[in-house]
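See below for the structure under consideration.
Chain letters run A, B, ... following the sequence lines, proteins first and then strands; every chain starts at 1. Hydrogens, waters and symmetry mates are skipped; everything else that's a heavy atom, side chains included, is used.
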There are 2 protein chains.
Amino acid sequence: MAITVNQIAEKCGVSRTTVLRALNDRGSVGKETRERILAVAKEYNYRPNLLARSLNHGRTMSLGVVTINIENMYFVQSLNIINKEADKRGYFTNIVVCDESLDWEKKLIQGLADRQMEGILISPINKGKEFEEFLLSLHIPIVCIGNQVSDAITTVQVNEMTAAMESVDLIVSKGYERVVFICPPLAVKEKENIYVHEQRLLGFRASVAKYPELESAVIGKTDYLPDVKCVIKEGREKRTAFLCSGDSYALNVMRWGQQNGMSIPKDYGLMGFDNINILEFISPKLTTVSTNLEGVAATAVSELLAQIDSEEYSPKAIYLNYKILDRETL
Amino acid sequence: MAITVNQIAEKCGVSRTTVLRALNDRGSVGKETRERILAVAKEYNYRPNLLARSLNHGRTMSLGVVTINIENMYFVQSLNIINKEADKRGYFTNIVVCDESLDWEKKLIQGLADRQMEGILISPINKGKEFEEFLLSLHIPIVCIGNQVSDAITTVQVNEMTAAMESVDLIVSKGYERVVFICPPLAVKEKENIYVHEQRLLGFRASVAKYPELESAVIGKTDYLPDVKCVIKEGREKRTAFLCSGDSYALNVMRWGQQNGMSIPKDYGLMGFDNINILEFISPKLTTVSTNLEGVAATAVSELLAQIDSEEYSPKAIYLNYKILDRETL
DNA sequence: TTGTAAGCGTTATCAA
DNA sequence: TTGATAACGCTTACAA
């Protein structure tokens, strides 16, 4: 459908080299010839075929991004930033969505590689040796966001472990006597990459150990609300706070409480992780940890580009600052 | 970095044609030769370069999707569905995000076209003759979601106008005496595509005209909360409902009310549009219109593919069913 | 100022 | 069973 250099050349009765020179303004072209060429190009709305160009000089100037779980909005907020940072350096960003299946994720990554993306950003749900080897076998620069795969692959993240520790400190400082950690089922950990949640759990465990008086528990299941209910009923005399590894857990706990006539933080404390952007609509304002998605995204892009540009690149683990947002639910 | 057919051929001491036959299982290849070839291919993790393949037979089997405004979540919910529908038919989906700038949108669309996407899905923020011509000049199948550009380009949507009319009917049937419509500034309408909002406004106007007793008003500005405040103060004696062209408007009005000790629907009624997925976390449950994103997305994909496949395709306007969700805020 | 020729990696056709 | 050749659209080096 679109017109090609060859067709323009034919129409103008010159060689395609001449056409190229006219279009790209390199070398010298007879004034009249140039005008004729430009006129035809304009008339037929000529645009270079980037596939052909890329094939030719081995660069697509495109990055791939694999997003998980777009409905939960973890990572979604970063997309704009990734897009803009990449654009600043002349790269086009191709996003694909994965929707929680391990196989899909691999398939999409492969698809991006097959399309000659120069680098790929992932917040992976796969994990383990096999996945690592898969990624390395692509021979493409890759940067992970949040979830680590191995130290052979650069990861950009915040220090979730110390963030969790500080969160517990905050909770204790507010006089809570019992703290319950809510996170995804740990059983999936064998197959699925829940690195950030694991790190947070580690931080939680390390921190509660510092407070002998503090009662603590962990709820790690898909159907966590019944347990939450239990916890609250069984010990009304102790002031209890829930630390949730992800704001949406916290929002569900909040909603459940509201439906049952409880008030936060009077009846129990609540704290989340991630500071997802829908929190602005929710009241009371959730106390949470900002995982600095903007910073992480921007850093991930520039790290990826550094990897693309340099011959010898050594993988890193990069930690950015998080920020505890002490709002209304503790 | 990646190995090519030519390199395999060289390594195996055969022609690339033979390598191809072995890899693609077409034609006949000597048993031993085949094994040698496959072994080398496996060892070096051969993958066909899709750029080259596409260039060759003129098909990329890729669709482009331009999403707007990802943080407001309009359209985001559709991405998974688009992705899956496309995959079912063998297409790869490339998403790009646009972040509210008219120029960016054009640039991204052009980028997708230059990369030889076979079709493009947009929920455009641009509008007008010039934009229409731009789209047509690409000579690529395009389907619009929600916002119409012109009847030369297929649009898939729900009938927002009748949805708005029905919403007013519902509000009236609940005994409200005053209804206020909140939508984006109408001034932008010259440049920016706010077709869905315009349609809703038309429906609103048409419907209130049916009820002579009903008082009505329209608030169309970025900073709408002061007006909302005014409206509520000035006429406490009349039961008032706000119909918001977008759930996030409604959520802001709700939050404002909560902060000011008002209760919904006791003090005023509230209704939104879109049924965005964060509503599940919000209480009271917002009465809203489900614009059937899933259905719209799936239809848009299959319409786009139909357009790709058929030689003579005539643009359509496709309307899907919406659904009024009468919940707790009226 | 203009053109020829070779190449990017894949595929298809035709001949040996 | 195998290979040579041309083509997709663009780029570059070299020659006229």
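- The pair A:Asp25-A:Arg34 meets the salt-bridge criterion, with a side-chain N (NZ, NE, NH1 or NH2) lying under 4.0 Å from an Asp/Glu carboxylate O.
- Between C:dT10 and B:Ser54, no contact under 4.0 Å exists linking OP1 or OP2 to a side-chain N or O.
- Between the side chain of A:Arg47 and the base of D:dG9, no donor-acceptor pair of N or O atoms lies under 3.5 Å.
- As rounded to whole Å, 10 Å separates atom C1' of D:dT12 from atom CZ of A:Arg21.
- Side chain A:Ser15 to base C:dT4: no donor-acceptor pair is found below 3.5 Å.
- Proximity note for B:Thr17 (side chain, C-beta onward) versus C:dG9, C:dT11, D:dT5: the nearest is D:dT5.
- For the pair B:Arg16 CZ and D:dA4 C1', the interatomic distance rounds to 9 Å; values are reported in whole Å.
- What separates CG of A:Leu55 from C1' of C:dG7 is a distance of 9 Å, to the nearest Å.
- Contact check, A:Thr18 against C:dT2: no side-chain N or O comes under 4.0 Å of OP1 or OP2.
- Ion pairing of A:Lys127 with A:Glu192 is absent here, as no side-chain N (NZ or NE/NH1/NH2) approaches a carboxylate O to less than 4.0 Å.
- Heavy atoms of B:Asn49 sit under 4.0 angstrom from primed sugar atoms or phosphate atoms, though from no base atom.
- Using a 4.0 Å heavy-atom distance criterion, B:Asn6 is classed as a base contact.
- Whole-Å rounding puts the B:Met61 CE to C:dT10 C1' distance at 17 Å.
- A salt bridge does not link A:Lys84 with A:Glu294: every distance from a Lys NZ or Arg NE/NH1/NH2 to an Asp or Glu carboxylate oxygen is 4.0 Å or more.
- Following rounding to the nearest Å, B:Ile8 (CD1) and D:dT2 (P) show an atom-to-atom distance of 16 Å.
- Between the CD1 atom of B:Ile37 and the P atom of D:dG3 there is a distance of 9 Å, given to the nearest Å.
- Nucleic acid contact for B:Gly58: none, since no nucleic acid atom lies under 4.0 Å from a heavy atom of the residue.
- Taking the nucleotide of DNA chain C with the nearest heavy atom to each of A:Arg34 and B:Leu20, the more 5' of the two is matched to A:Arg34.
- Rounding to whole angstrom units, CG of residue B:Leu23 and P of C:dT11 are separated by 9 Å.
- Counting non-hydrogen atoms under 4.0 angstrom, A:Thr4 reaches the backbone sugars and phosphates but no base.
- Checked for salt-bridge contact, B:Asp114 and B:Lys107 miss the test: no charged N lies under 4.0 Å from a carboxylate O.
- Regarding A:Glu10, its CD atom lies at a distance of 13 Å from the P atom of C:dG3, rounded to whole Å.
- Comparing B:Thr33 and B:Asn56 along DNA chain D, the residue whose closest nucleotide (by nearest heavy atom) sits nearer the 5' end is B:Thr33.
- Using a cutoff of 4.0 Å between basic side-chain nitrogens and carboxylate oxygens, A:Glu43 and A:Lys11 are not scored as salt-bridged.
- Checked against C:dG9, C:dT13, D:dT11, the side chain of B:Ala52 finds its nearest nucleotide in C:dG9.
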